[in-house]
Structures are given as C-alpha cells and as structure tokens.
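The next block holds one structure in the form of structure tokens; read it before the comments.
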Amino acid sequence: MVTVTVWNEYRHEREDNEVAAVYPDGIHATIAEGLREAGYDVQTATLDEPEHGLTESVLDDTDVLAWWGHKAHDEVDDDIVDRVVDRVRDGMGLLVLHSGHYSKPFKRLMGTTCSLKWRESGEKERVWVVEPGHPIADGLPESFEVPRAEMYGERFDIPAPDELVFTSWFEGGEVFRSGCCYTRGKGRVFYFRPGHETYPIYEQAEVRTVLDNAVEWAAPGDGPDPYFGNAEPIEDLD
C-alpha cells in the first residue's frame with residue numbers, strides 16, 4: 001500500500017475563525033480524509049511538531065509527501081528542507097499544493113523564484129485538462145469549475161514542466177499553468193494550484209480525484225537503482 005504523509009503549517013486554522021469554520025480539524029485532515037477514502041495509508045505532520053513532524057523515520061516510511069504551506073514558509077528549518085529534497089531525489093513523490101509554490105522544498109527543486117500574480121476576490125476558476133491521456137487526469141471531465149477561488153496568474157516563474165496536465169482560467173481574465181509535472185532525480189513532483197484556506201476546495205470531488213491520481217503517479221516504482229562512478233565494461237573490450 002502506498003504511504004502518504006500530508007504536511008501542513010496548521011497555523012491559519014488555529015488563528016483565524018473564518019479558516020477554522022471551513023477546516024475545523026486543519027486542511028491536512030481534510031486532504032488526508034480524501035486520500036484514506038481512496039485506499040491510501042495516510043499520516044499527517046505539522047510545522048510545530050518536533051522536526052516539523054518530518055523525522056528521518058517518518059520520511060523513510062513515506063512514499064508520497066503532500067505539502068501545504070502559506071504564511072510560515074520561512075519558519076521551515078533548512079535542515080528539514082535538505083532532508084525532504086534528498087528524499088525526493090532518492091525517489092519519494094512530492095505533491096505541492098496551492099500556495100506551497102513558495103515553499104522552500106519546491107523552490108529548491110525548481111531553482112527559480114516560483115513567483116506569480118495573485119488576487120483574492122472569490123472568483124470562479126475553470127480548470128481545463130490539457131493532457132487527457134495523462135494518468136493524473138483519469139476520471140475527470142474535459143474541464144471542471146471551482147466556484148470560488150483565489151486567482152493565480154502568469155507569469156508563473158517555474159521551469160517549463162515536463163508535462164502540463166491542467167491550465168486554469170479565471171473570471172478576471174487571467175490564465176495559469178495549474179497542474180505541472182516534474183522529475184527530480186528518481187522522484188516525481190506534481191504542483192497543483194486549486195486550494196485555499198477559506199474555501200472548501202479540498203472537499204470538491206474533482207479536486208480529490210486529482211489528488212488521488214497524483215499520489216498514484218508520484219509513488220516510487222520498482223525500477224533498478226542506478227550505479228554512479230567508475231564502471232567496468234559489460235561487454236568484452238578488444
């Protein structure tokens with residue numbers, strides 16, 4: 001069974017009544033609930049736990065790490081960032097959600113600022129599937145609507161995705177690359193834009209389908225471990 005760790009700052013939900021009304025047990029709990037319903041073995045971790053809940057043993061037992069961050073990116077210890085990035089390069093999957101684009105692990109893996117335009121006005125978002133044959137798009141319609149969303153707009157300062165699965169359009173006219181796939185070392189990284197602390201987006205069926213599919217896609221496979229360094233010839237050399 002694929003093991004997922006859902007990481008969350010868990011600050012907004014404890015400090016803001018509006019957020020607590022939407023996610024009373026934390027955004028991580030809602031995301032974890034959906035993934036458990038899909039059949040995954042799910043644990044959670046939060047910023048204020050020792051080592052941010054991401055100890056060596058937790059990460060060793062994690063196939064896919066889902067990351068939510070928003071207001072406390074700078075409080076994530078660099079040693080833990082190193083640990084996460086090393087595990088991704090060694091094969092752990094990473095799902096970066098919404099404002100996690102500014103997280104230290106994602107910026108480190110992308111090598112760019114990961115900056116973007118944004119506007120919080122509760123406008124409609126339409127998410128278009130632009131790569132319908134991709135496994136993360138399994139079970140989805142050609143497009144789906146998020147009734148109220150925070151706008152993210154281009155330019156999104158990221159490397160060109162290996163595969164772009166979704167693009168979003170917003171009522172205000174902006175567009176955004178909202179489902180981006182990368183490979184870093186042996187690990188797979190998926191950035192997914194929809195989600196916000198004051199809108200119940202992580203309860204939406206289509207969003208849960210995306211996260212379910214993304215975990216399956218990002219989970220480590222059973223391929224060989226590559227050897228690096230000086231190598232003896234496989235065939236006889238004259």
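This structure is a prediction, so every number in the text was calculated from the model and none was measured. Position 1 is the first residue of the sequence, and the numbers go up from there.
Comment: Arg83 engages Glu51 in a salt bridge, judged by a side-chain N to carboxylate O separation of less than 4.0 angstrom.
Less than 6.0 angstrom separates the ring centroid of Phe106 from the ring centroid of Tyr191. A ring-centre distance under 6.0 Å is not found for His98 and Phe192.
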All N/O donor-acceptor pairs, side-chain side in residues 135-143, below 3.5 Å, sequence neighbours left out:
unit_1: Ser143; atom_1: OG; unit_2: Arg126; atom_2: NH1; d: 3.0

With a 3.5 Å cut-off and sequence neighbours excluded, list the donor-acceptor pairs that the side chains of residues 218-238 form with protein atoms.
unit_1: Asp225; atom_1: OD1; unit_2: Lys186; atom_2: NZ; d: 2.8
unit_1: Tyr227; atom_1: OH; unit_2: Asn230; atom_2: O; d: 2.8

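Linking Ile, Leu, Val, Met, Phe, Trp and Tyr whenever their side-chain heavy atoms come within less than 4.5 Å leaves Trp68 and Val85 in two separate clusters. Linking Ile, Leu, Val, Met, Phe, Trp and Tyr residues whenever their side-chain heavy atoms come within less than 4.5 Å places Trp217 and Leu211 in a single cluster. Residues Val96 and Phe166 are members of separate hydrophobic clusters, defined by side-chain heavy-atom contacts under 4.5 angstrom among Ile, Leu, Val, Met, Phe, Trp and Tyr.
Proximity of Pro194 to Glu206: side-chain heavy atoms (C-beta onward) are nowhere separated by under 4.5 Å. Looking at Phe144 and Thr209, their side chains never come closer than 4.5 Å, going by heavy atoms from C-beta outward. Two residues are said to be in side-chain contact when any heavy atoms from C-beta on lie closer than 4.5 Å; Tyr202 and Val207 meet this criterion.
Looking at Glu125 and Ser168, their side chains do bring a donor and an acceptor atom within 3.5 Å of each other. Side-chain atoms of Tyr102 and Thr113 form no donor-acceptor pair, as typed in the model, at a separation below 3.5 Å.
Annotation: cation-pi geometry satisfied between Arg193 and Tyr152 (NZ/CZ under 6.0 angstrom from ring centroid, within 45° of ring axis).
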